[in-house]
Structure formats: C-alpha cells, structure tokens
There are 2 protein chains.
Amino acid sequence: MKNIFELMKKCPLFDKMDDKELNVILKSPHTKIQDFSKNQTVISEGGSADAVGIILSGSVQIVRNDYFGNRSIIALIDSPQIFAEVFVFADINAMPVSVVSVTDSRIMLIKPKDILNDNPDLSSFHTKLTSNLLRIVTEKNLKLNEKIEIVSKRTTREKIMAFLMSQAKLNNSDNFTIPYDRQALADFLEVDRSAMSAEISKLRLEGIIESDRSKFRLIKKRG
Amino acid sequence: MKNIFELMKKCPLFDKMDDKELNVILKSPHTKIQDFSKNQTVISEGGSADAVGIILSGSVQIVRNDYFGNRSIIALIDSPQIFAEVFVFADINAMPVSVVSVTDSRIMLIKPKDILNDNPDLSSFHTKLTSNLLRIVTEKNLKLNEKIEIVSKRTTREKIMAFLMSQAKLNNSDNFTIPYDRQALADFLEVDRSAMSAEISKLRLEGIIESDRSKFRLIKKRG
DNA sequence: GCAAGTATGTTGTAAATCCAACAAACGGAG
DNA sequence: CTCCGTTTGTTGGATTTACAACATACTTGC
C-alpha cells in the first residue's frame, strides 16, 4: 500500500497542513479509508451528506439518474481531488447526486465537522481548511460554469465542438484523448448516444475533426 | 440615497465585519459605486475580471450569448448578493460571461485584492472575507447544480416542471411568481420561447399547472 | 382613451433529436 | 486464435423542437 501520508499531501484540501494536523485527520474515528471497484457506487443519491470524499487513487463520476433511466454525468473527479464537500459544508442532509467509481479506486471519507469538534485546539487547522476549501470550491464553480456553457449549446454538434475545444484547451493541444467513452460523453453532453455518434461521424467526414475512439484531433481551418 | 452602510451590512460578503472594516472598503480608491439602468450591461463578456460586484439595489442576470444570438441566462442575482467573485478570486483575466442589469440598480464594484494590498494591517479582514466567500461560493455551487439538474432534462416539458418544482420549493408554496418573463425563462431553460409557451399551455390544459403570466400554481394529483 | 410597443399564445412546417434495432470493430479470456 | 461481451457506428421512422409568422393581450406614455 502506498503511503497514505504522501497521498494526502498531494491533495489540495490538505495544502499547507503539517504532519501533526494530517495525523489528527488520519487517526480520527470519523475518518475511514475504503476501496471501491469499477462501477461501484460510493455514495447514493438520497444518502446522507456527512462525509467529504478524498480520492487517494482512481477516479469517480458525479451522476444523476432520471426516472426514465437517463444518466446525467455532472463531473469527473480524479485523484487527488475531493468530492461532496459542497453538500457537507452547506448542511444539505441528502445527497442530490450519486458518486460512482469509474475505475478501481481508494477513497478516504472524512467528517471534517466531527473532527473539528473533537479537536477544538486545532485553530490553525480550521483556518487552513477554510482557505483550501475556498480555492477548491471556486475551481469547481468554474468547472460547473464550463459544463453549463457546453450543455447550453442548442445543437448536438455545437455541444460536441464546445466540449472538444474545452478539452483541447485543457490539454494544451489539438490532439488529445477524452476521459469518456461514447455513452459517457453522451451522458455528459445530455444527448442521445447514437445521434451523437452520427454527428461525430459527420464532423469527421466534413474534415472538422479526426477521431479514433477516445482520441480526437481538431483540424484548423486554413486562413 | 439610502445609507450605504446599512446596505453593506446586509450583504453576506461583509458578514461579521465591523464599521472600521466597512469604512476601509467604502473609502478605498479601489471601490466605486455606480448606477445602472434597466437592461444596461454591467460587465461585458471578455472584459477584465478584476472587480467583485455587490448589488446594493436592483438585480442582475448572468448571461452568455451565442454567435447566433441565442441568449443563455445562467443565473439571476438579487440584492444584497454579489457576483463575479469566482472569476476574481480564481485569477481569470477575461470574464467568460456578461452581467446585465435587469432593473434599475445600484452596484458597488470593489477590488478586494487591491484593498488587501493597501491595508496589510487588516488581518482579521482577510479571515472574515475568506470565510464569508466560502459560504457564498458554496451556495452558488448548489445553485449551479440545480441549474444543471434542470437543463439536463431531455424534454421541454420536463425542464419546465423541474424549474417550477424548484421554484415551489424556494417559495415554500405551490403558488408562486417566477422572476422571469417568457423569453427569459426560455433563455434560462435553454429552449425555444414559442415551443415552451406551447408546452406551458399544454400543461395548463392537462390540469397539471395553472398559470397567468408569471404566476404559477402546481396542481397536486389526487392520491 | 388611444396608439405604439412589448409580451404571450398559437399554429404549421422544417429540422433536429430520440429511439430501437442492427452491423461492425474492438478487446479480453480461455 | 476464437469466442463472446462490449463499444461504436449506421440507419429509418416516430417524436420533439426550432423557427417564422401572426393573433391576441397587456403596458406605457401621451
């Protein structure tokens, strides 16, 4: 097993914290570390929102499901990021979304409020936590904004292009591999898979993109 | 003119701050108060994201516009809330959205980073600001999640119903007035206005809702 | 009260999307 | 390598939505 301490130090939630503080978190009875297999549900929609998840290894999807089985993928979260923090700190009782493990993953679940209650002496801890959380939540806010920008496009084609351009920007290259298979991409873009697949084929035929499974390339127009 | 001080004290960004701190903000050369008329642009997409907006009176919409003139309303922000804080604190240079005044409004624009630089002595100020911001950004995060939940619905009818149910919850009543006219609602739900209007009529005919302009009522099914 | 402008509702047609079913390509297990 | 489950691509028909044009209702300023 990898050194949990080293993994924790990489996590933005624990930024600038010292070993003593990390130890308090790690040793707290309100902290547990759990392994999840591919496609396993980490937290169910409707479940209690009392623990923040820290991805030590692997990755998870934040999803919501319709009454008619339409899956909506809200976000993809990788190690060493965290999830569910917004619901915990906003005192939401029930999770409005589910969290599903995409790969095999190891996840630390902590109850920061309980930890703080048990350790009223750790005043610096609270300050650091607040400031780290602000940075994290701000960044998530930007990601949600980007997701809204993409799904706000009125046509499937525009959604695909908006998504691909954001990925190109993220990868600093017109050549990149996306972290979704076709069904997951459709669930992220909120469109039908087969229609999306057809539209991707059209874009390829029109010479706007190249694609092979999850690998994409944006073709620049000649000026 | 209303007492600015009183208005500031109502704003969650300044929660728990004392008069001295408020005065520093108010008197700073990095703070300005400006009046905007209905439909006037407060900040343009692409403009610099260096100032946080505080709505002293009135309300604004956060919007984005397509190349083909499709308006997308991302959020509606009322007094005494704030806007643009995410972009300022995430060090985004260019605003990815526009801010438009919905009614006549008075807005305070502050550059918190400059203020902090000018006043290195105000350490408590920084702590309070961070903790207030965390609460605000967390809450916005929840609102963005809700917006995503609504626009993720695949049909216009489902979008309308999801929106109306969230409004009913917000108002704690099945009788409520929505803050959008038809075009704005369509721009928020990311659908065509006339198609939406037709769908609302259908819902009315089917006895699922009652509506008169911006007033709606959800009809409970009899068990 | 009237006129002009704005907002909302209605309708028919064109276009886009969903859906279901299937074909083809791929990847792992044995 | 072959088999089999999974992923991706393709197609046609049903459904939904967008679009444009117009009718009606409401609002505001005079």
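Order of the sequence lines fixes the chain letters, A, B, ..., with proteins taken first and strands second; residue numbering starts at 1 for each chain.
Distances shorter than 4.0 Å separate none of the side-chain N or O atoms of B/R157 from OP1 or OP2 on D/dT16. Considering only side-chain N and O atoms, A/S194 lies nowhere under 4.0 angstrom from the phosphate OP1 or OP2 of D/dT8. For C/dT17, one of the phosphate oxygens OP1 or OP2 lies less than 4.0 angstrom from a side-chain nitrogen or oxygen of A/T156. At the phosphate of D/dG9, OP1 or OP2 sits under 4.0 Å from a side-chain N or O atom of A/R182.
Remark: P of D/dA25 and CD of B/Q183 are 21 Å apart, rounded to the nearest angstrom. Summarising the geometry, the separation between CD1 on A/I160 and C1' on D/dG9 is reported as 13 Å, rounded to the nearest angstrom. Between B/L205 atom CG and C/dG9 atom C1' the separation is 11 Å, expressed in whole Å. Between the CD1 atom of B/I178 and the P atom of C/dA7 there is a distance of 14 Å, given to the nearest Å. As rounded to whole Å, 13 Å separates atom P of D/dT28 from atom CG of B/D181. For A/N39 and D/dT7, the CG to C1' distance is 14 Å, given to the nearest whole Å. Residue A/E190 contributes atom CD, which lies 10 Å from atom P of C/dC18 at whole-angstrom precision. Rounded to whole Å, atom C1' of C/dT8 lies 19 Å from atom OH of B/Y180.
When distances are taken from the side chain of A/R213 to each of C/dT11, D/dT11, C/dA25, the shortest belongs to C/dA25. With D/dC19, C/dT8, C/dC19 as the choices, the nucleotide that has an atom nearest any side-chain atom of A/D192 turns out to be C/dC19. Among the nucleotides C/dC18, D/dT7, C/dT8, the one closest to any side-chain atom of A/A195 is C/dC18. Side-chain atoms of B/S201 lie closest to C/dG9 of the nucleotides D/dA18, C/dG9, D/dT8. Of the candidates C/dC19, C/dT11, C/dT17, C/dT17 carries the atom nearest the A/T155 side chain, counting heavy atoms from C-beta on.
Using a 4.5 Å heavy-atom threshold, the side chains of A/F216 and A/F163 count as separate. Residues A/L142 and B/F87 have side chains in contact (heavy-atom distance under 4.5 Å, counting atoms from C-beta outward).
Of the candidates A/V97, A/V99, A/I54, A/F83 forms a side-chain contact (heavy atoms from CB on, under 4.5 Å) with just one, namely A/V99. Tested against A/E199 for a salt bridge (Lys or Arg N to Asp or Glu O under 4.0 Å), the candidates A/R157, A/R193, A/K159, A/R204 yield a single pass: A/R157.
Residues B/E146 and B/K169 are not paired through a salt bridge, judged by the lack of any N-O separation under 4.0 Å between the basic side chain and the carboxylate.
Across the interface with DNA chain C, nearest-nucleotide mapping of A/R154 and B/D212 shows B/D212 to be the residue nearer the 5′ end. For A/N70 and B/S214, each mapped to the nucleotide of DNA chain C holding its nearest heavy atom, the one lying further toward the 5' end belongs to B/S214.
A donor-acceptor contact under 3.5 Å links the side chain of A/R193 to the base of D/dG9.
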